Protein chains: 2
Amino acid sequence: MILSGELSSGDALGEEALAEKCGVSRTPIRDALRRLEAELLVRRTESQRSFVAHWSLDDVSDAFELRAMLEGYAAKRAAERMDDATLQQLKACNKAIWVAIKGTEADVDTFLDRNREFHALILETASSRRLSSLLGVLIEQPVIWRTAHHYSREAFEQSHKEHDDLLSAFERHDGPWAEAVMAGHIRRAFHAYSDAHRGMLAEREAA
Amino acid sequence: MILSGELSSGDALGEEALAEKCGVSRTPIRDALRRLEAELLVRRTESQRSFVAHWSLDDVSDAFELRAMLEGYAAKRAAERMDDATLQQLKACNKAIWVAIKGTEADVDTFLDRNREFHALILETASSRRLSSLLGVLIEQPVIWRTAHHYSREAFEQSHKEHDDLLSAFERHDGPWAEAVMAGHIRRAFHAYSDAHRGMLAEREAA
DNA sequence: ACTTCCCCTATTGTATACATTTATCCAAAG
DNA sequence: CTTTGGATAAATGTATACAATAGGGGAAGT
């Protein structure tokens, strides 16, 4: 419900209300809220009441900077451990991204799914449970993914090209190269987000 | 119980058994297990049974590498945001560490407490909720802290000196310096752990 | 003797009732 | 009119009962 935008920043998340809305009891709701709190999607006050977390631009900037570090590290490890089968999967994945963004109208949902798959494959190849656990907290941020619908064609194409660079680095098992490309890739994604976000704010202003 | 060594790697964590042992019902036990699972102290099988997580040397190495990155970043941010009051607190803290390790017998518990306080203050000054959340997963690893009881005097003294270097970097608001010192500090801590760990294994071998 | 299938037990998931704590609102006093 | 106090209502914490599911052990057949 948070990811789909049904709930927005600051909304109260009473356990009983959610339980009724979902047709279950409070017990599984409590479990879910704890999990979402760990993922920073839900904020809890000192008196243990839950609300949909608010993400300022500074927060998003923070998250991207951390992602740049951690996914860079993941790319380095992945490059050192890359095998042929996985490399082929990644290539197929990026090919699918190319198809999705090359139509007259970019297929954003497919782009997002395949993009997620691409990064997930790299993370898996990095084979560090701790790293996966940490990045899990950062990557599923709704405020970020939703703005992709406002990306420019250039942003999509640049993203695809950077993925290709990553593939070259993986092919040569060049860890530092992969790390540098990935860090740049994430930082560029932040600016793409930032631009798209400004665009959305301007639209709302006009309306 | 995991931290104190009362439970060891692989032990089963039945909810009912823990509830009886702790004198509470299963409900708060379940909450605690979920939290500990997020902190990687507890592992759950695909059928949702809980066990005390096992940490190999590779796992610990991973954790330290991630800590070096993230605490380095925290130190950089802290240096940029450091104020006089916090700096004084940090100095007092490191002074207390000095006292604890300078006796004929090093007071390891005080060292650990103050060390934790030192790093917690820096993390707080970095003022990034996301960063705090991520590092929270990595810092409370029992396998790491327990080996401190086997550190050499040199290891303690080096740690104290590196804290002093950090304080200098903070005083000058030199982010990159602080980051470099902290990264080195954590990496050295890993080798101190590694040495102490080998020592413990040798002891066990002899017995 | 080994394997396979089934039943029983143990463990976790869920619902609900109750206890405890926190917030809100209204009234009374300064 | 503002503030403070308490009473009331609402939300979370905890306990317990029941349901569903996974695991283990025993019996039977090969």
Side-chain angles (χ1 to χ4, degrees), chain A residues 1-56 59 124 129-130 132-134 136-137 140-143, chain B residues 1-56 59 120 124 129-130 132-134 136-137 139-143:
Chain A
M1 285 155 70
I2 298 176
L3 288 166
S4 72
E6 186 173 344
L7 296 168
S8 42
S9 286
D11 284 3
L13 297 172
E15 295 179 355
E16 195 126 17
L18 288 171
E20 191 173 356
K21 201 177 185 75
C22 301
V24 295
S25 78
R26 275 178 53 211
T27 311
I29 295 289
R30 287 174 63 79
D31 280 2
L33 284 175
R34 297 307 210 291
R35 202 170 60 84
L36 293 171
E37 187 201 357
E39 295 176 9
L40 302 179
L41 282 162
V42 165
R43 175 181 58 89
R44 302 185 79 190
T45 66
E46 62 279 0
S47 63
Q48 312 292 26
R49 279 167 162 74
S50 301
F51 300 86
V52 177
H54 171 68
W55 284 67
S56 69
D59 292 327
E124 192 185 330
R129 272 184 26 242
R130 273 141 292 282
S132 300
S133 168
L134 295 184
V137 172
E140 287 298 342
Q141 295 309 338
V143 68
Chain B
M1 285 154 69
I2 297 176
L3 288 166
S4 72
E6 185 173 344
L7 296 169
S8 42
S9 286
D11 284 3
L13 298 171
E15 296 178 354
E16 194 128 14
L18 288 171
E20 190 173 356
K21 202 177 184 78
C22 301
V24 295
S25 78
R26 275 178 53 211
T27 312
I29 295 289
R30 286 174 64 80
D31 280 2
L33 284 175
R34 296 307 208 291
R35 201 170 59 84
L36 293 171
E37 188 201 354
E39 294 177 9
L40 302 179
L41 283 162
V42 165
R43 175 181 60 88
R44 302 186 79 190
T45 66
E46 61 279 0
S47 63
Q48 312 292 21
R49 283 170 158 73
S50 300
F51 300 86
V52 177
H54 171 68
W55 284 67
S56 69
D59 291 329
E124 191 185 331
R129 272 182 28 241
R130 271 140 295 279
S132 300
S133 169
L134 295 185
V137 173
I139 54 182
E140 287 298 343
Q141 295 309 337
V143 68

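Bear in mind that the values here come from a model prediction, so they are computed numbers and not experimental data. Throughout, protein chains are lettered first and strands after them, A, B, ... in sequence-line order, and every chain is numbered starting at 1.
In this structure the side chain of B:E16 never reaches within 4.5 angstrom of the side chain of B:E20, judged on heavy atoms. Side-chain atoms of B:I2 and B:D11, non-hydrogen and from C-beta on, never get closer than 4.5 Å to each other. You'll find the side chain of B:K21 reaches within 4.5 Å of the side chain of B:E6, heavy atoms only.
When each of A:R26, A:E15, A:R44 is checked for a side chain to side chain contact (heavy atoms under 4.5 Å, CB included) with A:L33, only A:E15 meets the rule.
Of the residues near DNA chain C, A:T45 and B:G14, the one whose nearest nucleotide (by heavy atom distance) lies more toward the 5' end is B:G14.
When atom types are taken as modelled, the side chain of A:D31 and the backbone of A:P28 share no donor-acceptor pair closer than 3.5 angstrom.
The distance from atom CZ of A:R30 to atom C1' of D:dT14 is 8 Å, rounded to the nearest whole Å. In this structure, B:I29 atom CD1 and D:dG13 atom C1' are separated by 14 Å, rounded to whole Å. Put simply, CD on B:E16 is 15 Å from C1' on D:dA19, counting in whole angstrom units. Look at CZ on B:R44: it is 14 Å from C1' on D:dT21, rounded to the nearest Å. In this structure, the CD atom of A:E15 is 12 Å from the C1' atom of D:dA10, given to the nearest Å. Separating the CZ atom of A:R43 from the P atom of D:dT12 is a distance of 13 Å, rounded to the nearest angstrom.
Out of D:dG13, D:dG23, D:dT14, the shortest distance to the side chain of B:T27 is found at D:dT14.
Closest heavy-atom contact between B:A53 and B:L40: CB-O, 3.4 Å.
The span of DNA chain C lying next to chain B, judged by atoms under 4.0 Å from heavy atoms, is bounded 5' to 3' by C:dT11 to C:dT14.
Across all strands shown, A:L13 has heavy atoms under 4.0 Å from sugar-phosphate atoms exclusively, and none from any base.
Dashed line: the shortest gap from a side-chain N or O of B:S47 to OP1 or OP2 of D:dG23 is under 4.0 Å.
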